[in-house]
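A short worksheet on the structure shown next.
Predicted model only: the values in this text are computed from it and were never measured. The figures here come from the full heavy-atom set of this structure, side chains too, leaving out hydrogens, waters and symmetry mates.
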Amino acid sequence: WCFPDHPCRRKRTHRKHPKKKQANFPQVGPWVVEFESFLTAEECDRIIALGIKLGYERSMGNGGIKADGMIENIVSNTRTSSNTWCRGNYCERDPIIIKVTERISNVT
């Protein structure tokens with residue numbers, strides 16, 4: 001998110017850096033960055049395999065605020081994706097996941 005007059009609202013094009021992956025900024029508005037070829041086929045296969053092993057659950061939407069101040073999770077008719085959290089020994093010690101996590105850290 002950015003203010004209406006902030007430079008992040010301007011149309012972006014791709015930029016190249018000799019040692020970094022190419023980043024595309026495909027829209028005007030909130031800053032969205034697209035990295036082409038950020039993951040290898042092997043990395044994608046490993047992430048998918050771990051997701052299957054850990055199990056996917058229906059993504060939840062946010063409902064109202066509960067009495068304890070926490071936000072209530074609700075099933076949404078518009079949010080129909082599934083996800084899982086990659087945690088524990090499955091991910092923390094997996095060499096492929098470690099490599100991907102380090103790469104993400106370097107660009108964020």
* **E102: partners by side chain to side chain contact (heavy atoms under 4.5 Å, CB included), with sequence neighbours left out** => I98

* Asked: Say you draw a straight line from CD1 of I96 to OG1 of T40; how long is it, rounded to the nearest 0.5 Å?
  -> 7.0 Å

* Structure fact -> Apart from I48 itself, its cluster of hydrophobic side chains linked below 4.5 Å comprises I52, Y56

* So, does R103 use its side chain to make a donor-acceptor pair with the main chain of F38 at under 3.5 Å? -> yes

* To do: Using the rule that two of Ile, Leu, Val, Met, Phe, Trp, Tyr join whenever any of their side-chain heavy atoms come within less than 4.5 Å, decide whether I74 and I71 are in one cluster.
  => no

* Asked: What pairs meet the side-chain hydrogen bond (donor to acceptor under 3.5 Å, both in side chains) rule with one or both residues in residues 91-100, with sequence neighbours excluded?
  -> R46-D94, N89-R93

* To do: Please lay out, stage by stage, how V107 and F35 fare under the test side chain to side chain contact (heavy atoms under 4.5 Å, CB included).
  => CA-CA 10 Å; V107 297; F35 290 92; 4.3 Å; yes

* Contact summary for L39 and C44, nearest pair of heavy atoms -> CB-SG, 3.7 Å

* Asked: Do M60 and V75 have side chains that get closer than 4.5 Å, going by heavy atoms?
  -> yes

* Residue pair R58 / N83, side-chain heavy-atom distance below 4.5 Å -> no

* Structure fact -> Sorted by chain and residue number, the side chain to side chain contact (heavy atoms under 4.5 Å, CB included) partners of S81 (sequence neighbours excluded) come out as S59, R79

* Structure fact -> So the disulfide bond (SG atoms under 2.5 Å apart) pairs with at least one residue in residues 69-108 (sequence neighbours excluded) are C86-C91

* **Selection residues 65-77 - residue pairs positive for side-chain hydrogen bond (donor to acceptor under 3.5 Å, both in side chains), sequence neighbours left out** => S76-T78

